[in-house]
Every structure is written in structure tokens, then in C-alpha cells.
Enquirer: 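Encoded as C-alpha cells, here's the structure I'll be asking about.
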2 protein chains.
Amino acid sequence: METADIYKVIERMAALIRSEERKRCTELGIQIVHFQVLDYLSRCNKYSDTPAALTHYLGMTKGTVSQTLLLLERKGFIRKVPDLADKRMVHLQLVAEGWEVLRQAYPKDLFNKAAEFLEKNCPEVGDAPFIEALTALQKAHQSHSFGLCGTCKYFTTKPEGFFCGLTGEPLTKSDSEKICQEHTVP
Amino acid sequence: METADIYKVIERMAALIRSEERKRCTELGIQIVHFQVLDYLSRCNKYSDTPAALTHYLGMTKGTVSQTLLLLERKGFIRKVPDLADKRMVHLQLVAEGWEVLRQAYPKDLFNKAAEFLEKNCPEVGDAPFIEALTALQKAHQSHSFGLCGTCKYFTTKPEGFFCGLTGEPLTKSDSEKICQEHTVP
DNA sequence: CATTATTTGTTTCGAATCGAAACAAGTGTT
DNA sequence: AACACTTGTTTCGATTCGAAACAAATAATG
């Protein structure tokens, strides 16, 4: 009874955050979708920086995503880099202008201020409940949870360092902190 | 250091929820904004069911909101009712078809399933931290927090029942559970 | 009480977005 | 070699978006 309400509260926060982001995007002359794309590209890992992954992440059709990317490219926010192994694929990279717009659109002040109030009001509250809630949500969402690499079922630690159990590739600490489209909740 | 990250986690949840909502809206042939409008109208109180309030809530321009409402009216989801006291104002009401679409678009299953996982994994976690986080976010957002009537600074309890300290009007229990544009965090 | 400002909502315009479907090109399978 | 599948683009028409101009009602001012 009580637990279901948690996600209603989260939804309210989501609406508030969305509203703030929308206002900032309008001031910057971009659409809120563009912000979401830039934000995703700034956080995703090398397996997940393709138009197809974006399509899954945003829940849009690939045609629409293609158009959005075209515009972001024209505006000089992103760059397309062909994949060396698979000639169909394209990797998307944020360029300097993209990072700058992202920085300006991100409601950092709001988050910092909110965190301040929260800290003052109940200093004993840690981030544990929120991380648990996110994990549960990802588990419920199934399919592609787009979680952080380091929290994945296939993330393994060896004496030599981190590895991805799916691709077998070694991973840096930075890699482990990024969003992966293949992410699977343990 | 740790508290600021809480809102990053919340933002990730927001993105996940948004993605699910977008998919559902596409299936229903509506835009995600339409869902947001219907959702808001289903939760707001009688002081907050106007185009102007929606404009503030969504962070859009009033022209755009006007167009969106026109379409929702054409589709038979909402109805416009003129205000009796102020002839400029219009009140927006959800009609049966609107409620039905809202019900279909709302990611209830996702929330229920997530709540189930959360309950199983850490039964001791209550909704308190989440409500605190929401309150802090509303406080940080200032201006119009669009909070629940019952959590407002001007919400007062008298022997005769609930009252709004701003308008002086009596409020039912149902009123106190709705979103108000005049909401002020204590 | 008349004039002026402000609020509330609509209309109009052009650029941009959206989803659907067709398309092209590369990869994998049989 | 033929076929299916994946990946991304193009094209189309309906819709959305923000900006600015507009109309009407209310509030404020003198």
C-alpha cells in the first residue's frame, strides 16, 4: 500500500525536474528532447553511443531520432564517427559546444539547493533508499534497463582490473560509471 | 557530497519513467505532453485547473498550451467551463474519454512491479525519505511548487474541518489531496 | 468615473518535431 | 548465391512549438 506511493512521489519529482529543464531549454533555443540526447551521450559508454541505443533509451522511432541527430549535428553539438568493424553503425560523440549547452541546460542549481534543504532537514537520510528504488525500477522495466556499467550482472572484477562479462573487454573505472544499453540487473 | 547525488538518481528514474510513458503514448496516438496535461488535470484542485496554471506547471508558452488544449478538446478528452466570477478565466475538466486515456497511458504496471521488487529487497524502506526529497525539491524550486494542498503553508485545520488560509474557503478531504498552483512550502 | 495597466486566453505564422512507411546498405544465415 | 535481419536515412503529412500580435475582462490609478 505504502510502497506503491513511493513511485507516485518520484513521478511528481520527475514532473518538477522536467518543468525546470523545459524552461532552461527554451531559453537556450533547443527542445527538451535535445537535452535528453546530449545528457545520454554524455553518460553512455562505447557500446551504447549509437542511434539505435538512443532509440531504445528514448522510446522514440528511429526515423525521429535520425532527424533529431541531424539537427544536433547541424548545430554543431555532436559528431558522427563510423564504426570500424561494422560499417552500418555510427558512434555519436559530444563536441565542445554540446558539452557547453548541456552544462547550461542542466538544472544543477536546483539540485544543489534541494540537496542543501534535504541535508539540513534530515541529515540522516542517505542515498541508499533512492538507489534501491532505482534498481527496483530498472528490474521492473526489464528489457533494456540502461543502468550504470558497474552495477551490471556482467560486471566482473579481476586482479588485473575490471572486465565486461559480455564482451570480455577490460574496463576502466570511468567506463564502469557510464550508462550501458546491455545493462542487466543482477 | 552524497546528498547531491540523490537527485541524479532521481533524474535517472525520471528518464526511465519518461521513456515508458512515451512508448505508451505513442501506442495511444497521443503526445507525451497530452499525457502530462491529462495527468495534471486529474490531480489539480479548483484553483489550478486553468490554462494559465497549466502554462506555469509545464513551463511552456501560453500559445502552445492553448493549441494543445484545443486539440484535447477536439479529441473529446477535456471540456472548457467558463468561470462564473471572472469572465476571462476558463476551467478545464477531464471527461470520461480523458480519464480512460489517462488510465491506459499511466505506467501503473511498472510502478506496481517496481514497488514489489523494492518491498522484497528492502522492506524496511518507507516513503518518508522520498517525501522529504520532494519537499526539498519544491522548496528549492521556489515560486510555484505545485504541491499537494494538504502540505501547504496555508492549509489549516479547524474544528469545523479543513480550510485554505489564502482564500478562506472550506476544503474537503479530497481537496486537500490535490495539486494547487498556489502551494507554498512551510 | 475615465484612463491606463495587467491578466487571461486566443490567433497567426513559420520553423521544427513527430511517427509511419519506404528505402539503402551492410551483415549474418542457410 | 539467396534470403532474412540489422542499422540508419529519407520522405511525407499531420502536429507541435515558441514568438508575437490580438481581443476581452479585470484591476489600479488619478
Side-chain angles (χ1 to χ4, degrees), chain A residues 18-19 21-37 41 47-75 77-93 105 144 181-182, chain B residues 18-19 21-38 41 47-75 77-92 105 144 181-182:
Chain A
R18 208 160 11 193
S19 156
E21 285 173 349
R22 190 189 289 275
K23 248 177 283 182
R24 283 167 165 269
C25 285
T26 302
E27 286 165 10
L28 289 168
I30 62 170
Q31 223 64 29
I32 199 166
V33 193
H34 301 163
F35 169 73
Q36 289 176 53
V37 171
L41 292 182
Y47 306 130
S48 315
D49 59 354
T50 66
L54 247 177
T55 301
H56 287 132
Y57 181 76
L58 294 176
M60 298 164 73
T61 58
K62 52 186 184 174
T64 304
V65 170
S66 187
Q67 295 257 9
T68 301
L69 293 174
L70 213 64
L71 181 131
L72 290 177
E73 204 181 6
R74 271 207 308 272
K75 289 205 172 186
F77 296 162
I78 64 169
R79 185 173 47 182
K80 289 180 183 170
V81 182
D83 188 278
L84 298 174
D86 190 333
K87 287 178 185 170
R88 293 170 304 181
M89 289 214 290
V90 174
H91 293 274
L92 305 166
Q93 286 183 353
H144 292 283
Q181 67 167 330
E182 306 294 349
Chain B
R18 208 158 13 190
S19 156
E21 286 173 349
R22 190 190 288 275
K23 249 178 282 182
R24 281 166 167 268
C25 285
T26 302
E27 286 165 12
L28 288 168
I30 62 171
Q31 223 63 29
I32 199 166
V33 193
H34 301 162
F35 169 73
Q36 289 175 51
V37 171
L38 297 180
L41 291 182
Y47 307 130
S48 315
D49 59 354
T50 65
L54 246 177
T55 302
H56 286 133
Y57 181 76
L58 295 176
M60 299 163 72
T61 59
K62 52 186 183 174
T64 304
V65 170
S66 187
Q67 295 257 11
T68 301
L69 293 175
L70 213 64
L71 182 129
L72 290 176
E73 204 180 7
R74 271 207 310 273
K75 289 205 174 188
F77 295 162
I78 65 168
R79 185 173 48 182
K80 288 180 184 169
V81 182
D83 188 277
L84 297 174
D86 190 332
K87 288 177 186 169
R88 293 170 304 182
M89 288 214 291
V90 174
H91 293 274
L92 306 166
H144 293 282
Q181 68 168 329
E182 306 294 349

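Chain naming here is simple, since letters A, B, ... match the order of the sequence lines and numbering starts at 1 in each. These numbers come from a predicted model, not from an experiment.
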Enquirer: Rounded to whole Å, please give me the gap between CD1 in A:I32 and C1' in D:dT16.
Expert: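 A:I32 atom CD1 is separated from D:dT16 atom C1' by 14 Å.
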Enquirer: Using only atom types and a distance under 3.5 Å, with no angle test, would you say the side chain of A:S66 pairs donor to acceptor with the backbone of A:K62?
Expert: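 No; judged by distance alone, with no hydrogens or angles, the pair does not exist.
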Enquirer: Measure from the side-chain heavy atoms of B:R88 and tell me the nearest of D:dA25, C:dT12, C:dT27.
Expert: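 The nucleotide sitting nearest to the side chain is D:dA25.
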Enquirer: Quickly work out the A:K62 NZ to D:dT9 P distance and round it to whole Å.
Expert: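 Those two atoms, NZ and P, are 10 Å apart.
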Enquirer: Look at the side-chain N and O atoms of B:T61 and state whether any lies under 4.0 Å from the OP1 or OP2 oxygen of D:dA19.
Expert: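 So the side-chain polar atoms of B:T61 never come under 4.0 Å of the phosphate oxygens OP1 or OP2 of D:dA19.
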Enquirer: Return the value, rounded to whole Å, for the distance between atom CG of A:L71 and atom P of D:dT9.
Expert: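 Nearest whole value for this atom pair: 14 Å.
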Enquirer: Mapping A:D86 and A:Q31 onto DNA chain D by nearest heavy atom, which one lands closer to the 5' end?
Expert: A:D86
Enquirer: Should B:T68 be listed as having a side-chain N or O under 4.0 Å from OP1 or OP2 of D:dC17?
Expert: yes
Enquirer: Can you measure B:D49 atom CG to C:dT8 atom C1' for me and round it to whole angstrom units?
Expert: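 Going from CG in B:D49 over to C1' in C:dT8 covers 14 Å.
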Enquirer: Would you say D:dT16 has OP1 or OP2 under 4.0 Å from some side-chain N or O of B:H34?
Expert: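 Looking at the OP1 and OP2 atoms of D:dT16, one of them is under 4.0 Å from a side-chain N or O of B:H34.
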Enquirer: Please determine if a side-chain N or O atom of A:T64 lies less than 4.0 Å away from the OP1 or OP2 oxygen of C:dG19.
Expert: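 For C:dG19, OP1 or OP2 has a side-chain N or O of A:T64 closer than 4.0 Å.
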Enquirer: Measuring from A:I32:CD1 to A:H34:NE2, what's the distance to the nearest 0.5 Å?
Expert: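 Result: 11.0 Å between the selected atoms.
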Enquirer: Taking for each residue the nucleotide of DNA chain D bearing the nearest heavy atom, is the 5' side occupied by B:M60 or by A:K80?
Expert: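 Comparing both residues, the 5'-ward one is A:K80.
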Enquirer: For the helix from C:dC1-D:dG30 to C:dT30-D:dA1, what angle separates the axis at the start from the axis at the finish, each from five pairs, in steps of 10°?
Expert: 30°
Enquirer: So, does A:T26 get its side chain near the phosphate of D:dG18, meaning an N or O under 4.0 Å from OP1 or OP2?
Expert: yes
Enquirer: Provide, to the nearest angstrom, the distance between the CE atom belonging to A:M89 and the C1' atom belonging to C:dG28.
Expert: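 In whole Å, C:dG28 C1' and A:M89 CE are 14 Å from each other.
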